[in-house]
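A, B, ... follow the sequence lines: proteins, then strands. Residue 1 opens every chain.
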Amino acid sequence: MKEVSVPLLAYAHCALDTQAWTDLVSNITSLSPTTIEDDPRPWLGWGQARAQSDRLSVFLHEATHHWCFTSPVAFAIAGLTLRARVGIARALQGEEHMQFSILRDLISADTAVALLRPLAEGLALFAEFDATSRLRSKAISPILQSIFQFFVDLKRSADLFRRLPAEVAIAQTIAEALYDLRTNEVTLNRKASLLLQPFSLNAGGYLPGYLAVKSLWRAACRKHFLLANETDLFLMYLRSYIYDDWGFVATLLSEELDEIRSVEAIVNHLNGRIRQWDELSDQDFSEYENSLATDSSSRPSPLPGLGVSDSAAGSGKQRLNNLTSELVEAAIANDSMTTGISAWSANILQRRQFMNLASVPVQVCTNSNGLPEVQWRRTSMFTPTRSDFVAEPKDSVGDAHLEIVFALIQDRFERAAVVHRDDKVLVCAPIGMKEHASDTRESVLRAFLRRSLVVEAEKAMRALVENVAGKSWFQIPMDHCKSQIDSIVDEFFKDLSLRFARDYDSIDNCAAKMSQKGLRPILNSSSLIKGLALLGLATSLNPQRIFIEEIFKKHGLSLSQTLDQLSNAYESWGYPPRIGYVENTLFTTV
Amino acid sequence: MNTDSHLEIVGLTEIELLEFEEECHDQVIQRSPANASRESEHGDLGLTAAVVILTAAAVQGLAVWLAKRRVEDIKLTNVSITKGADGSFQMDLSRLEHGKKTESPDAQVVRALRSQLTELLQLDTKP
């Protein structure tokens, strides 16, 4: 098939617009329209979003991004971007000395985003296709816990809760939801499509990122064998190892002004962390897991077992505090443009913890009982209580907008339906336990920014930065650094992602072969690609051969034929890595 | 057969595109360029699009491909076909149900789909 762009396809990106996304700076998320065609109702109740499995896939993917970006490292990257914008405002008002720090901040943030993007995608895909908790798990990630909020039919699970202790019943219902997800055709299609993505960072880094995360998982299993089954614990550990790394924060926010040295330090830090991965011990993973089992308010920071020294952590915390203070202080400076941008930056940092589940136009009406209710497409959605009203009920009647926001704060999920008219909040209705309603309302209202404003303002801010950078001398060093970073990141992920290939020649050959069409040149047929995808999905649920054979049968595929063909591919190419056999169980790195 | 006509199929996943190619054998299929995310946006896996020159073999391949997805009547499913100003066609499959597949579709269904496609895509099948 030819890889060409033809005029007819000039508008074809419209199909790609259906993608969900998460923005690292604002941490704003878009789940629609791919998920529920803007119908907000499933997000208001418990377990009501379960009807379509692609909705769960998209949710797991974007919620994992959001979770990763609610972290010290992502906060620092967002802070660098926001500080560069404030610097641009000051430079435009005559403070020309700001240009060097703007350049350094922009390049540092770009480098970190480029380096972390494949890992961010890899973690999100691992959450979709691999992460599973076990009954004996000491902790469950907020991602899998949130499945219980939205995607578990409590009526169907009622019997389980009667028979079993609550933690076991919760784990069991999550496992059932994951079984439904990972054994259906849509998910198989999705994972097979991932394996056909280019092995290149220019295409979003999905395949290199996923394979990198799987390689790290396989390496971790050698140290702590329980991780072979405790994939959710691995997901939590790797997310913490990368995004809760206060040493990385210290490096990102270093006072080094030379942009080249800053880039080197960032690349070297991540390189060092990946090398350090092989030195982790069984004890590191156990300490980390035990710390998660404690109450969140008494957990140390950084968490134990992550290989972050106290001095690096102290330095990172200090620098992040300084950066936040700098932005807050600039927000009250006596200069309209700088103040405006700084105030916006401070607001963005405050709202980052909230994930947007839905955002739709609604009407606030008075129902037949004379009570105000919120309607969507002329059907009643909910009736706010008196304490839910932020504005006077009579002033709330009319067209408005609904946003449903969600966050994990401490050990508790907070969810609320916020009805607003432009920037004025009319109603804030917490969803969940009544005893937490007041706290939830308070934290939501403190940080709430309407979604459309965030999206539009962020676009405008980025356009301003691009415009100013494009006209200034620092576009040249920025372009130079970007081209260098791209080749560094490509090389970095080639070795990490294909680490378990047969030898170095196989790594080089397969990276080149897979650069355009992923595993297609190696596996050749759609049935083998689906077979490999299904092998990973099925083993994530249960690695026993008899179970996997059943799942293959369900999809009209042959397990033994798939294993034979994969073995042939390994003989020819040295990749994908050999399937591991331990007694009657299988182990796959893809 | 009007060999100048093109059909663009949008809303395909990568694996669907490969399966479509496998049904079309030697037909030339062109694809859209890969999507690129904005700097700080982390997007979901995207969909892709393919362009195929409208030939009898391509329509046969498409009919088999749809029949394997248990589509029995295009007009009754979430498949839309629109004609552009330049005479080319666009088929949107992004709303097609991804239900259970069959590897051996009914030959009658394939014939019926081929006939519908021929009509909808205004193919001239005269010798």
Side-chain angles (χ1 to χ4, degrees), chain A residues 1-6 8-9 12-16 18-26 34 54 57-58 61-62 65 69 77-78 81 109-110 113 117 120-121 124-125 184-186 188-190 192-198 200 202-204 206 462 517-518 520 525-526 529-530 533 555-556, chain B residues 5-24 26-53 65 68-70 84 86-90 92-95 97-104:
Chain A
M1 193 169 93
K2 283 186 195 167
E3 291 276 350
V4 289
S5 172
V6 291
L8 186 67
L9 291 178
H13 69 274
C14 60
L16 304 177
T18 60
Q19 284 188 99
W21 51 263
T22 304
D23 175 56
L24 184 140
V25 175
S26 59
T34 317
D54 55 345
S57 286
V58 171
H61 193 105
E62 300 309 326
H65 281 325
F69 299 163
I77 296 169
T81 309
D110 279 359
V113 169
R117 180 186 291 280
E121 295 302 346
L125 292 162
N184 73 38
E185 193 72 30
V186 179
L188 174 57
N189 204 320
R190 220 171 137 82
S193 295
L194 163 68
L195 301 181
L196 291 168
Q197 294 287 317
S200 158
N202 290 331
Y206 296 102
R462 276 161 213 190
K517 295 178 181 174
R520 180 175 174 182
S525 71
S526 61
I529 288 162
K530 287 177 100 163
H555 287 276
Chain B
S5 293
H6 289 77
L7 171 66
E8 184 193 24
I9 305 171
V10 300
L12 291 167
T13 62
E14 291 291 338
I15 192 73
E16 287 172 338
L17 177 57
L18 174 55
E19 287 169 334
F20 178 54
E21 277 184 72
E22 287 173 348
E23 298 300 344
C24 288
D26 298 330
Q27 300 300 300
V28 176
I29 300 171
Q30 299 174 330
R31 61 172 298 157
S32 63
N35 58 317
S37 297
R38 269 169 38 193
E39 288 293 302
S40 62
E41 275 180 8
H42 290 66
D44 185 29
L45 283 172
L47 298 174
T48 192
V51 176
V52 60
I53 297 169
W65 188 88
K68 283 188 174 180
R69 274 146 195 80
R70 298 187 186 272
D86 62 353
S88 63
F89 290 87
Q90 189 188 61
D92 188 349
L93 299 178
S94 55
R95 288 178 173 273
E97 294 286 328
H98 296 272
K100 199 169 170 156
K101 279 179 62 189
T102 173
E103 279 310 305
S104 45

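- Distance check: A:Asn189 CG to B:Lys101 NZ gives 8.0 Å after rounding to the nearest 0.5 Å.
- A:Leu195 contributes atom CG, which lies 11.5 Å from atom CG of B:Leu18 (distance to the nearest 0.5 angstrom).
- Minimum heavy-atom separation, A:Ser193 to B:Glu14: OG-N, 3.3 Å.
- A search for side chain to side chain contact (heavy atoms under 4.5 Å, CB included) contacts involving A:Ser200 returns A:Pro198, A:Asn202, not counting sequence neighbours.
- Of the atoms belonging to A:Ile77, not a single heavy atom falls under 4.5 Å from chain B.
- The line from CG of A:Leu188 to CD1 of B:Ile15 is 8.0 Å long, rounded to the nearest 0.5 Å.
- Heavy atoms closer than 4.5 Å to chain B are found nowhere in A:Ser26, neither backbone nor side chain.
- When B:Glu21, B:Glu22, B:Glu16 are each tested for a side chain to side chain contact (heavy atoms under 4.5 Å, CB included) with A:Ser526, only one passes: B:Glu22.
- A salt bridge links A:Lys530 to B:Glu19: at least one charged side-chain nitrogen sits closer than 4.0 Å to a carboxylate oxygen.
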